[in-house]
Amino acid sequence: MTRVLLTGAAGFIGGHILDALRSSYDVVAIDAFLPSAHGSDRPILGIERVDVRDHDSLVDVLSGVDAVCHQAAVVGAGVDAADAPAYASHNDFGTAVLLSAMAEAGCTRLVLASSMVVYGEGRYTNAAGETVVPGPRTRADLDEGRFDNIDPNTGESLNWALVKEDSALQPRSTYAASKLAQENYALAWSLATGGSVTALRYHNVYGPNMPRNTPYSGVAAMFRSSLEAGRPPQVYEDGLQARDFVHVSDVAAANVLSIAAALPGFTALNVSSGHPITIGEVATALSQACAGPAPEVTGQYRSGDVRHVVASPEFAVSAIGFEAAISPVDGLREFATAPLRDAEGTGAPRV
């Protein structure tokens, strides 16, 4: 039986992947159990406490492993500049150490958890259908409630278009920079060792057991926390930001398919539902599903947020046979009453 090392196995996504893998693979599950992510949670039975920055421990757990499914990471958009060292240490240095240990252990297959944030501002077209690269949105425009990306040549608002895997990679946040660095390290490792890497660019993941009540949580979980407290979800900007929300069970399925496919070389794949939805629609769907107060559109914004990122799912279908089974409409209806994680992280770690 193929043996798989799963990092970040105690996390939100990692836990679902662990359940999906166990039916077909011999799984070695590890997690650092960082208090910043897991609160006061104690280690979970069947998951070994290992930090991916610990080379010697990784070499030990990699014994006999055929493939690595690397989910361990500090997540979120980043709240302040002081978070940058945590992303660089855990995401980038941790991935570099893991790749070094894999080379030493003779393991040549990696499935990497990447993110749609590597696309930065996403992809846009003008009224003529031509692709246009917008500049970063300015604080002055955002303060005035001008949220759309602008054509730098005409000043007109741009329309979003589907991002494909060969779209420009222009990270706009600390977290995004760290995820792109992970991809770059993995690509370099693949070229140096002949190993295979499938980088799965997750879009907005949601589902049961998301962590609650932390500024590093996904927006769907933050909306849920507000509704549970009897408060209306707070929607930033004008609520018209377009995203692709993909259910965590579909993300787990994409990982299982990627391990089985063992694509050669380096391959990046969008993991998405293929059904665009606005942030305002997400908040409304959750409010209605749990009979809660209607969302409030605040006009506020977060530094580093981008306007629209919507994915093309086509390449993942042809490359590994992945097609999301759960639409956002159905998934969000279920998520409105699904359990959230009791562990309340404290933010990005400082070491």
Side-chain angles (χ1 to χ4, degrees), residues 11-13 15-16 35-41 74-80 82-83 116-117 137 139 142-148 173 175 202-248 273 275-309 326-348:
F12 161 50
I13 296 174
H16 285 270
S36 59
H38 299 279
S40 58
D41 279 1
V74 175
V75 301
V79 173
D80 58 49
D83 293 338
M116 57 89 173
V117 295
R137 297 185 295 169
R139 287 186 177 272
L142 294 170
D143 287 339
E144 293 296 325
R146 294 187 292 269
F147 302 118
D148 283 340
S173 69
Y175 173 61
Y202 303 157
H203 286 253
N204 291 69
V205 185
Y206 70 99
N209 297 321
M210 286 187 78
R212 67 170 84 235
N213 295 338
T214 159
Y216 297 81
S217 296
V219 66
M222 289 190 280
F223 289 162
R224 268 287 311 274
S225 294
S226 294
L227 289 164
E228 287 179 348
R231 301 189 304 268
Q234 302 294 293
V235 179
Y236 285 177
E237 302 188 17
D238 55 6
L240 299 179
Q241 311 93 293
R243 295 291 191 273
D244 188 304
F245 276 71
V246 58
H247 196 274
V248 67
S273 72
H275 297 279
I277 190 170
T278 68
I279 298 298
E281 288 172 335
V282 171
T284 298
L286 292 173
S287 294
Q288 292 177 345
C290 62
E296 289 183 358
V297 179
T298 67
Q300 299 176 21
Y301 63 89
R302 293 194 310 177
S303 178
D305 277 357
V306 299
R307 181 59 170 167
H308 306 294
V309 183
I326 301 175
S327 72
V329 172
D330 294 334
L332 289 167
R333 186 182 301 118
E334 172 222 27
F335 179 66
T337 56
L340 299 180
R341 290 185 61 167
D342 291 330
E344 297 186 11
T346 58

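Note that these values count all heavy atoms, side chains included, but never hydrogens, waters or copies made by symmetry.
Here the closest heavy-atom approach between residue D143 and residue Y301 is recorded as OD1-OH, 2.7 Å. Between A289 and A336, the shortest heavy-atom distance links the atoms CB-CB, 3.4 Å. Closest heavy-atom contact between I279 and V219: CD1-CG1, 4.3 Å. Of all heavy-atom pairs between G239 and V297, the closest is N-CG1, 4.2 Å.
Counting only heavy atoms from C-beta outward, the side chains of V248 and N209 never approach each other to under 4.5 Å. Counting heavy atoms from C-beta on, the side chains of V329 and F245 never come closer than 4.5 Å. Taking 4.5 Å as the limit, some side-chain heavy atom of Q234 sits within range of a side-chain heavy atom of P232. The side-chain heavy atoms of L227 and S287, taken from C-beta on, include a pair separated by under 4.5 Å. Residues V282 and R243 form no side-chain contact, since every pair of their non-hydrogen atoms from C-beta on lies 4.5 Å or further apart.
In this structure a side-chain-to-backbone donor-acceptor pair under 3.5 Å is missing from E296 to A294. Remark: the backbone N or O of A242 is paired with a side-chain donor or acceptor of H308 at under 3.5 angstrom. In this structure a side-chain-to-backbone donor-acceptor pair under 3.5 Å is present from R137 to F147.
Take E281 and apply the salt bridge (charged side-chain N to carboxylate O under 4.0 Å, His left out) test, not counting sequence neighbours, and it matches no residue. Residues passing the ring-ring contact (aromatic ring centres under 6.0 Å, His included) test with H203: none are found, sequence neighbours excluded. The side chain to side chain contact (heavy atoms under 4.5 Å, CB included) test applied to A338 returns P208, R224, F335, not counting sequence neighbours. For T337, there are no side chain to side chain contact (heavy atoms under 4.5 Å, CB included) partners two or more places apart in sequence or in a different chain. With sequence neighbours excluded, the residues forming a ring-ring contact (aromatic ring centres under 6.0 Å, His included) with F12 are H16, listed by chain and number. Considering only residues two or more places apart in sequence or on other chains, D238 meets the side-chain hydrogen bond (donor to acceptor under 3.5 Å, both in side chains) condition with R307.
Atom CG of residue D330 and atom OG of residue S273 lie 11.0 Å apart, to the nearest 0.5 angstrom. Of the inter-residue distances, the one linking I326 atom CD1 with R333 atom CZ reads 12.0 Å to the nearest 0.5 angstrom. Here L286 contributes atom CG and E228 contributes atom CD; the two are 10.5 Å apart, rounded to the nearest 0.5 Å.
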_Would Q241 and D305 count as a side chain to side chain contact (heavy atoms under 4.5 Å, CB included) here? Give the steps._
CA-CA 10 Å; Q241 311 93 293; D305 277 357; over 6 Å; no

*Report the C-alpha distance between V235 and F223 in whole Å, list the side-chain angles of each, state the deciding distance to 0.1 Å, and finish with yes or no for side chain to side chain contact (heavy atoms under 4.5 Å, CB included).*
CA-CA 9 Å; V235 179; F223 289 162; 4.1 Å; yes

*Under the side chain to side chain contact (heavy atoms under 4.5 Å, CB included) criterion, do I277 and N204 qualify, and how do the steps go?*
CA-CA 11 Å; I277 190 170; N204 291 69; over 6 Å; no

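Ring geometry for H247 versus Y206: interplanar angle over 60°, hence perpendicular rather than tilted (30 to 60°).
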